[in-house]
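The block underneath contains the structure these notes are about, expressed in structure tokens.
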Amino acid sequence: DTMVREAPRGASGTPDVDAIVIGAGLAGMYQLHLLRDRLGLKVQVLEQGGGVGGTWYWNRYPGARCDSESHSYCFSFSREIYTEWEWTERYPGQPEIMRYMNWVADRLDLKRDIRFDTRVTACTYDAAANLWRVTTEAGETLTATYLVTAVGCLSTANVPKIPGLESFEGRWYHTGQWPHKGVDFSGARVGQIGTGSTGIQAVPVIAEQAKHLTVFQRTANYSVPARNAPLDEPFKAWVKQNYEAVRETMLSTPNGHPFRIEDRSCWEVTEEERRKLYEAAWEKGGLQFRATFRDLLVDRKANDTAADFLKAKIREIVQDPATAARLADIDHPYAAKRPPIDTNYFEAFNRDNVSLVDVRANPIERITPKGIRLRDGTEHELDIIVFATGFDAMTGPLLRLNITGRDGLTLAEAWEAGPRSYLGLQVAGFPNMFTITGPGSPSVLCNMPIAIEQHAEWIADCIGHLRRNGIARMEPRPEAVERWVEHVNEAANATLLPQAGHSWYLGANVPGKPRVFMPYAGGMARYREICADIAARGYEGFVLE
Ligand code: N01
């Protein structure tokens, strides 16, 4: 907690502020708090939205709710903050998360250092002055010694380039850019493209309002019931009393969730016992299903036992056998793509006003003024199209910032063949730039607040170290990046995750994007140790000068 404001500045320029943080979601908010309130730095946060909240500010689609349980989807760095807030449901809905974010921002007095409605259009490193010049859409330029990106992993909407969209006479929306005033579906014929975590949340809610909902499915998906419910008083009290234990669990598990992965192999139990365990996990609901056995994500045959169980559930729930068959025709291992959880997703297909169209067999050919036309000529007439088509994940939000580092090297050039970083925290050639939950870090494979807190703390400690020791510049050594990229690949290849060939983890959902497995699959707890160890050894692998 040393105040380190007096540390040396770059060669010539005096920056406007010590640090610019881009983004005011959980990551930017915590980074601001640490740099300003612990290190005493002058910090400016730039946020393109009109308020705090990051992904939750934009993702206001029907049914938007977090898949992490509420007592884990929040800051846990402070006992006071953790215990002062009380969640109302097992999984927090988007409006409640927004209330929480605003509450924290006010509680820590963050908003005075956040500039809203401010989109960053370029970030350029000036080597002579050793500072970053950050330009905004309004044409303003701000300078800082440190640049911290807190732009999230899933914040660049992917609207597929389907020919004819501009000719569509109805309305269309992407779930990640949802109108703040909401969308009225009553009486409307709605088409939804996409059956990922988002689409699976949206279907049952839209189905209740729309005249008819047609779901266009390219890749069938597993889903486990969320079993959302109001939290009862004993649970709320338990959470407060067990703050340390809950946090300890989240910090020591690979996924940063408040539950442990069972230590048993799927082959240690009889088939009958296995079925009972899956049944119990299904009844319990949530992401915990994948923690039933330790080998589900590494042994394909073990995974098949879970996959078969879940496919049988789909056939049990969905009454029309042809629809059930299409929904259960899943081509990847369970949880190799981010596993969705749902509230009445498969049940929604039993409604008279919901139909499923398989666009793997019969792809979307174009959007017409009246709706969506498929390759075989069938046209679905629609009033509203909902794109639940995901994001240009992980690299998209960073590349969109138009970052130029040392010697005129752009991030787009540096990452032409896919992202390359050291620890997902820094990129060679981009001095004093830090990426919170960047590609190459556990990020999306972890409960995000846990990943975010670790990164923001590591970055704050690191910047404190630089200032105390009069170090002007820091960036990773190319050989350290090389080794880390290799390790990220090894970690992914030790799991079944790369086997879902079309997942956004690989960038495969965006045409033309390099296919590289982006998040670090070695587990958050192990990653935390690696980062701490590197710092303890004087920031091994980094050039400090
Ligand atoms: O996006 P996705 P998402 N034609 O990329 C389909 C997080 N999240 O927004 O698989 C037809 O998973 C695409 O098909 P395919 C979570 O990490 C968190 O649902 O590419 N279809 C797929 O079905 C999640 O993983 C919460 O063949 C097209 C869908 O659109 C991540 O966000 C809640 C298409 C996209 O699925 C992204 O989820 C919700 C095309 N041209 C989401 N293009 C929490 O609870 C794409 N698709 C925290």
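Just follow the structure's listing: the first ligand is 1, and inside any ligand the first atom is 1. Only this structure's heavy atoms are used, side chains among them; waters, hydrogens and symmetry mates stay out.
- Listed by chain and number, the residues in a side chain to side chain contact (heavy atoms under 4.5 Å, CB included) with A412 are L399, T410 (sequence neighbours excluded).
- Every residue two or more places apart in sequence or in another chain that forms a side chain to side chain contact (heavy atoms under 4.5 Å, CB included) with R189 is listed here: E381, D383.
- If you check which protein heavy atom lies closest to atom 2 (P) of ligand 1, you get W504 CD1, 3.9 Å.
- Contact between S421 and V427 at its shortest, heavy atoms only, is CB-CG2, 4.5 Å.
- Salt bridge annotation for R119-E47: absent, with no cationic side-chain nitrogen under 4.0 angstrom from a carboxylate oxygen.
- Applying the 4.0 Å criterion to heavy atoms of Q201 picks out, from ligand 1, the atoms 33 (C).
- One N or O on the side chain of T435 and one on the backbone of G424 form a donor-acceptor pair closer than 3.5 Å.
- Taking atom 38 (O) of ligand 1 as the reference point, the nearest protein heavy-atom neighbour is T198 OG1, 3.7 Å.
- The existence of a salt bridge linking R366 and E379 is excluded, since no basic side-chain nitrogen approaches an acidic carboxylate oxygen closer than 4.0 Å.
- Near A388, the atoms of ligand 1 lying under 4.0 angstrom from a non-hydrogen atom of the residue are 29 (C), 30 (O), 35 (C).
- Nearest protein heavy-atom contact of atom 1 (O) of ligand 1 is G390 CA, 3.1 Å.
- Scanning the protein heavy atoms around atom 14 (O) of ligand 1, the nearest turns out to be R218 NE, 3.7 Å.
- Of the heavy atoms in L154, only side-chain atoms (C-beta onward) come closer than 4.0 Å to ligand 1.
- Near Y61, the atoms of ligand 1 lying under 4.0 angstrom from a non-hydrogen atom of the residue are 33 (C), 39 (C).
- Without hydrogens or angle criteria, Y61 side chain to A388 main chain gives no donor-acceptor distance under 3.5 Å.
- For R65, every heavy-atom contact with ligand 1 shorter than 4.0 Å involves the backbone, none the side chain.
- With a 4.0 Å cut-off on non-hydrogen atoms, F391 touches ligand 1 through its side chain and not its backbone.
- From the protein, the heavy atom lying nearest to atom 26 (C) of ligand 1 is R338 NH2, 3.7 Å.
- Residue K337 places a heavy atom less than 4.0 Å from ligand 1.
- Taking a cutoff of 4.0 Å between a charged side-chain nitrogen and a carboxylate oxygen, K311 and D329 do not qualify as a salt bridge.
- Numbered from 1 in the order shown, with element, the atoms of ligand 1 that lie under 4.0 Å from a heavy atom of P160 read 41 (N).
- The contact set between ligand 1 and S197, taken as ligand atoms under 4.0 Å from a residue heavy atom, comprises 19 (O), 24 (C), 25 (O), 39 (C), 42 (C).
- Those atoms of ligand 1 with a heavy atom of T195 less than 4.0 angstrom away are 22 (C), 23 (O), 29 (C).
- Looking at heavy atoms from C-beta onward, E208 lies out of side-chain contact with F185 at the 4.5 angstrom threshold.
- Among I193, T219, T389, the residue whose heavy atom lies nearest to atom 27 (O) of ligand 1 is T219.
- In summary, E96 and R65 do not engage in a salt bridge, as defined by a charged side-chain N under 4.0 Å from a carboxylate O.
- Atoms of ligand 1 lying under 4.0 Å from any heavy atom of G194, numbered from 1 in the order shown and given with element: 6 (C), 23 (O), 29 (C), 30 (O).
- Salt bridge status for D232 with K236: absent, with no side-chain N to carboxylate O gap under 4.0 Å.
- Of all protein heavy atoms, the one lying nearest to atom 45 (O) of ligand 1 is D67 N, 2.5 Å.
- Neither the backbone nor the side chain of S503 has a heavy atom within less than 4.0 Å of ligand 1.
- Relative to the six-membered ring of F168, R171 misses at least one condition, a distance below 6.0 Å or an angle of at most 45° to the axis.
- Residue, atom and distance of the protein heavy atom nearest to atom 36 (O) of ligand 1 are G196 CA, 3.6 Å.
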